[in-house]
Amino acid sequence: MENNKKLISIVSPAYNEEKNVPLMVEEVKKVMGDLQKDYDFEYILVNDGSMDNTWEAIVNESKKDERIKGLCFSRNFGHQMALTAGLDHAKGDAVIYCDSDLQQPPEIFPKLIKEWEEGSDVVHTKRLETEGEPFFKKLMSKYFYKFVNMFSSVKMEEGMADFKLLDRKVLYKITSMREHNRFLRGIVPWVGFNSSVVEYNAKKRLYGKPSYNFKRNLSFAKSGILAFSVKPLKYIGYLGLLLIVLSTPVLVYGGVTIFILQRRFLSPNFLIGIFNTFLMGLVLSSLGIIALYIHYIYYEVMNRPLYIVADKTFENEKQ
Ligand code: UDP
Ligand code: MG
C-alpha cells in the first residue's frame, strides 16, 4: 500500500521521569492521533541513566505501540547528549524535540507542524510563562540569557528552550556536528535556515523534581559561553592592554625625571609598583593573544561545516 503520509519524529530525553513517561506518551499519541490523516509519527524516548524505573516505563510503552521507541544510556550523560542520541535516531521528515515532563505541552505540536508546512525549516518555541514557577527561577532564567549573551557570539533569546521543530535537512546538519561540548540552543541558530517562532505557556511539572538546579544552570551557562566564543579571555586581554596604556606614561615620566633631569618627583618604590603593573599588563595581553589562537584551534577541532547551502538551482554532477 502506498503511504504518502509524512513522518514526524518526536524526541524526548528522560531522566527520572517514570511517572511522566506514560502521561507524555499518552499525550503525544492523542495529539498525533488527531493528525493521523496526514502524518505518521515515531516517538523516541532516551533514558539518560535514570535512577528510577523510567526505562521500564519506556519499554512497557514500546511493547504496547511500536511507534514508541526507547534508547537506554549506560549512565547519565546529560540532557544535551540524550537529545543528541534521540536526534541521531530520528527518521522523520521533521523532528520535534521536547522535554518529557509535560512542561512543554505536546498540544502545540500541530502549530509547529503548520509553521513547518508553511516553509519554516526551524520552528523555535518561546515560553511566555511557567505555571507556578518560583520567582527565583524566573529571575535566574532571565539573567541566564542576559549573561550568556554578554559573552557569547550566538544570540540566544530568553524562554527559548530545547523545544523545537527541525526540518530533516537541518537535522542532518546538526547530527553531522559532533562537538563534545554540545549546546543545542546555540547550534540550531548557528546552522541557520528559515525560522519562525511559536509561543506557548509552560505547564507545571506534575511529577518528579526538576534536575536543573543552580549549579547545573551555571555549568550550562559556562558551556554556552565556551562553545561559542573566547570573549572572556579576550576581555582579560583588553584589561592587560589597558594596564599597559595606563602605566606606560607614568614610567616614561619617572624615567625622564630620574635619568635625564636627575630629579626625583616620584619615589622609586612607586615606580617599581607601576613597573609591576606594566609587566602584569604585558602578561594579561599575551593571554588575550593566546586566547585568539585557542579560539582558532577550538574551531578546527570541532570540525564544523565551513558553510551550509540551503538551496540550489542545479543538480550535483559530482556525487
Ligand atoms: N534530563 C536528562 N538528563 C539529565 C537531566 C535532565 O535527560 O541529566 C531531561 C529531563 O528528563 C527533562 C529535560 O531533560 O525531560 C529537562 O529537565 P528538567 O525538567 O529537570 O529541567 P527544567 O525543565 O527545570 O529546565
Ligand atoms: Mg522541566
Side-chain angles (χ1 to χ4, degrees), residues 9-28 43-58 61 68-90 95-109 124-145 147-148 156-164 180-186 200-224:
S9 300
I10 298 150
V11 169
S12 295
Y15 177 65
N16 297 342
E17 310 276 13
E18 60 179 1
K19 290 218 174 88
N20 289 322
V21 164
L23 295 176
M24 193 63 198
V25 169
E26 192 187 327
E27 188 69 21
V28 166
Y43 187 17
I44 304 173
L45 282 145
V46 184
N47 173 31
D48 182 16
S50 299
M51 267 127 30
D52 64 0
N53 292 322
T54 300
W55 180 237
E56 285 71 12
I58 297 174
E61 294 297 332
I68 313 298
K69 298 168 184 176
L71 275 175
C72 187
F73 278 0
S74 58
R75 63 170 172 83
N76 181 259
F77 281 90
H79 180 202
Q80 299 290 301
M81 296 306 163
L83 263 180
T84 303
L87 294 178
D88 283 343
H89 288 81
V95 55
I96 297 174
Y97 58 94
C98 63
D99 291 353
S100 53
D101 56 6
L102 292 144
Q103 286 195 288
Q104 302 168 337
E107 291 152 35
I108 76 158
F109 288 0
H124 301 281
T125 63
K126 190 165 161 56
R127 181 183 62 209
L128 295 175
E129 218 176 280
T130 307
E131 275 177 25
E133 194 179 45
F135 173 73
F136 180 66
K137 188 151 184 193
K138 252 183 228 167
L139 205 73
M140 275 259 304
S141 83
K142 188 166 168 197
Y143 284 100
F144 172 78
Y145 286 98
F147 180 71
V148 172
M156 277 163 272
E157 252 194 79
E158 191 201 335
M160 285 203 177
D162 289 308
F163 178 20
K164 297 180 199 299
H180 285 233
N181 182 8
R182 293 187 87 71
F183 193 67
L184 283 163
R185 286 171 207 199
Y200 72 100
N201 282 310
K203 291 262 160 64
K204 208 164 147 180
R205 200 179 230 287
L206 281 179
Y207 298 106
K209 278 199 233 108
S211 35
Y212 275 99
N213 52 28
F214 184 70
K215 213 174 120 207
R216 280 187 80 130
N217 271 327
L218 216 59
S219 112
F220 205 47
K222 186 196 73 193
S223 78

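Atoms within each ligand, like the ligands themselves, are counted from 1 in listed order.
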Inset, instruction - Give the total of protein N/O/S atoms at a distance below 2.8 Å from the Mg ion (ligand 2). - result: 2
Inset, instruction - Name all residues meeting the salt bridge (Lys or Arg N to Asp or Glu O under 4.0 Å) criterion together with D52; count only those two or more places apart in sequence or in a different chain, and write none if there are none. - result: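 Applying salt bridge (Lys or Arg N to Asp or Glu O under 4.0 Å) to D52 gives none.
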Legend entry - Of the listed options H79, R127, E17, closest to atom 10 (C) of ligand 1 (non-hydrogen atoms): E17
Inset, instruction - Determine, considering heavy atoms only, which of D101, D162, T54 sits nearest to atom 19 (O) of ligand 1. - result: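 The residue whose heavy atom sits nearest atom 19 (O) of ligand 1 is D101.
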Inset, instruction - Please verify whether a non-hydrogen atom of S12 lies at under 4.0 Å from ligand 1. - result: no
Inset, instruction - Between N76 and ligand 1, find which residue part has any heavy-atom pair under 4.0 Å and reply side chain, backbone, both or neither. - result: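 Looking at N76 and ligand 1, just side chain atoms fall under 4.0 Å.
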Inset, instruction - Check D99 against ligand 1 and report side chain, backbone, both or neither, counting heavy atoms closer than 4.0 Å. - result: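 Within the 4.0 Å criterion, D99 contacts ligand 1 through backbone and side-chain atoms alike.
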Inset, instruction - Please say whether more than 12 non-hydrogen atoms of neighbouring residues, nucleotides or ligands are located less than 6.0 Å from CD in E26. - result: no
Legend entry - Test of proximity, A82 against ligand 1: N or O pairs below 3.5 Å: no
Inset, instruction - Could you list which atoms of ligand 1 come closer than 4.0 Å to a heavy atom of G78? - result: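 Here the atoms of ligand 1 in question are 3 (N), 8 (O).
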Inset, instruction - Specify the closest pair of heavy atoms between A14 and S50, including all atoms of both residues, with the distance to one decimal. - result: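 Reported closest heavy-atom pair: O-OG, 3.4 Å.
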Legend entry - Gap separating the NE2 atom of H180 from the CD atom of Q80, nearest 0.5 angstrom: 14.5 Å
Inset, instruction - Without swapping roles, check the side chain of D101 against the backbone of Q103 for a donor-acceptor pair under 3.5 Å. - result: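 Looks like yes, one N/O pair under 3.5 Å.
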Inset, instruction - Answer yes or no: is there a donor N or O on one side and an acceptor on the other, between the side chain of N201 and the main chain of L128, under 3.5 Å? - result: no
